Amino acid sequence: MYNPREVAESKGLVVREASLSLSYGYLKKEERLIVVDKNLPENKKQEVIAHELKHYDYPYANKTTFHCYRDVVFYNAHEKFIDRRAAEDLIPLGDLKDFLKENPEAEIWDIADFFGITERYVHIRFESLKNKGVM
């Protein structure tokens, strides 16, 4: 199963937790640092770290103005792209197919629980798969 903290470490990035009031997390690329709000539940931390890793992997997508104020997210095209890429890592297609084959009656929250993420990222992944004609 994909572990964003391990991936960050393998890329030489440090993940630190801190109390954040204006966002869930951020990347300081020059310092090779991802900061995530320590008050988030673990499943949300996984998403934030995966999201910031994608900003690291796709530097052109860092042209983002302030985009999140706690529960209000202001999306732009770059952030949507980053979320889709993070959702692909967090929910690999093969693993999703295997899970659904074994759990054909699974609900969105069952999938989120299995992958250790929130329902929001499951919706992002399904929308991406739908747009690609996979679902």
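These figures come from a predicted structure and were not determined experimentally.
- Atom CD of Glu9 is surrounded by 12 or fewer heavy atoms from other residues, nucleotides or ligands within 6.0 Å.
- Salt bridge annotation for Glu127-Arg84: absent, with no cationic side-chain nitrogen under 4.0 angstrom from a carboxylate oxygen.
- If you take CG on Asp110 and CD on Glu107, they are separated by 6.5 Å, rounding to the nearest 0.5 Å.
- Between Phe115 and Leu96 the shortest side-chain heavy-atom distance falls below 4.5 Å.
- Taking both residues in full, the closest heavy atoms of Val15 and Ala8 are given as CG2-CB, 3.8 Å, listed atom of the first, atom of the second, then distance.
- Looking at heavy atoms from C-beta onward, Val7 lies out of side-chain contact with Asn3 at the 4.5 angstrom threshold.
- By the criterion of side-chain heavy atoms lying less than 4.5 angstrom apart, applied directly or through intervening Ile, Leu, Val, Met, Phe, Trp or Tyr residues, Trp109 is not grouped with Ile124; the two fall into different hydrophobic clusters.
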- Should Arg32 and Tyr56 be marked as a side-chain contact (heavy atoms from CB on, under 4.5 Å) after you check the CA-CA gap, both sets of side-chain angles, and the distance that decides it? CA-CA 9 Å; Arg32 303 184 66 81; Tyr56 182 79; 2.7 Å; yes

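- The side-chain heavy atoms of Tyr24 and Glu52, taken from C-beta on, include no pair separated by under 4.5 Å.
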- Task: Please step through salt bridge (Lys or Arg N to Asp or Glu O under 4.0 Å) for the pair Glu31 and Arg16, ending with a clear verdict.
- Result: CA-CA 12 Å; Glu31 296 177 34; Arg16 288 211 179 110; over 6 Å; no

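- The two residues Ile49 and Pro4 make their nearest non-hydrogen contact at CG2-CB, 3.5 Å.
- No side-chain N or O of His51 forms a donor-acceptor pair with one of Gln46 less than 3.5 Å apart.
- For the atom pair CZ (Arg5) and CD (Glu42), the distance works out to 5.0 Å, reported to the nearest 0.5 Å.
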- Task: Check the pair Glu6, Lys11 against side-chain contact (heavy atoms from CB on, under 4.5 Å), reporting the backbone distance first and the verdict last.
- Result: CA-CA 9 Å; Glu6 289 177 3; Lys11 293 178 182 227; over 6 Å; no

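- In this structure a side-chain-to-backbone donor-acceptor pair under 3.5 Å is missing from Asn103 to Ala106.
- Between Lys28 and the options Ile34, Leu33, Leu13, a side chain to side chain contact (heavy atoms under 4.5 Å, CB included) holds for only Leu33.
- Note that CZ of Phe126 is 7.0 Å distant from CD1 of Ile91, once rounded to the nearest 0.5 Å.
- Here the shortest heavy-atom pairing between Val35 and Ala18 reads CG1-CB, 4.1 Å.
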- Message: If you apply the rule side-chain contact (heavy atoms from CB on, under 4.5 Å), what do you find for Arg125 with Leu90, and how did you get there?
- Response: CA-CA 9 Å; Arg125 183 65 167 131; Leu90 291 164; over 6 Å; no

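- For Glu105, the CD atom sits in a loose shell: 12 or fewer heavy atoms of surrounding residues, nucleotides or ligands are nearer than 6.0 Å.
- Salt-bridge annotation for Asp89 and Lys54: present, with a side-chain N of the basic residue lying under 4.0 Å from a carboxylate O of the acidic one.
- By the salt bridge (Lys or Arg N to Asp or Glu O under 4.0 Å) test, Glu102 is found to be paired with no residue, residues two or more places apart in sequence or in another chain being considered.
- When atom types are taken as modelled, the side chain of Lys45 and the backbone of Asp37 share no donor-acceptor pair closer than 3.5 angstrom.
- A donor atom on one side chain and an acceptor atom on the other are found under 3.5 Å apart for Asp83 and Tyr121.
- Looking at Asn131, its side chain never comes within 3.5 Å of a backbone N or O of Ser128 through a donor-acceptor pair.
- Checking side-chain atoms of Glu47 against main-chain N and O of Thr118 turns up a donor-acceptor pair under 3.5 Å.
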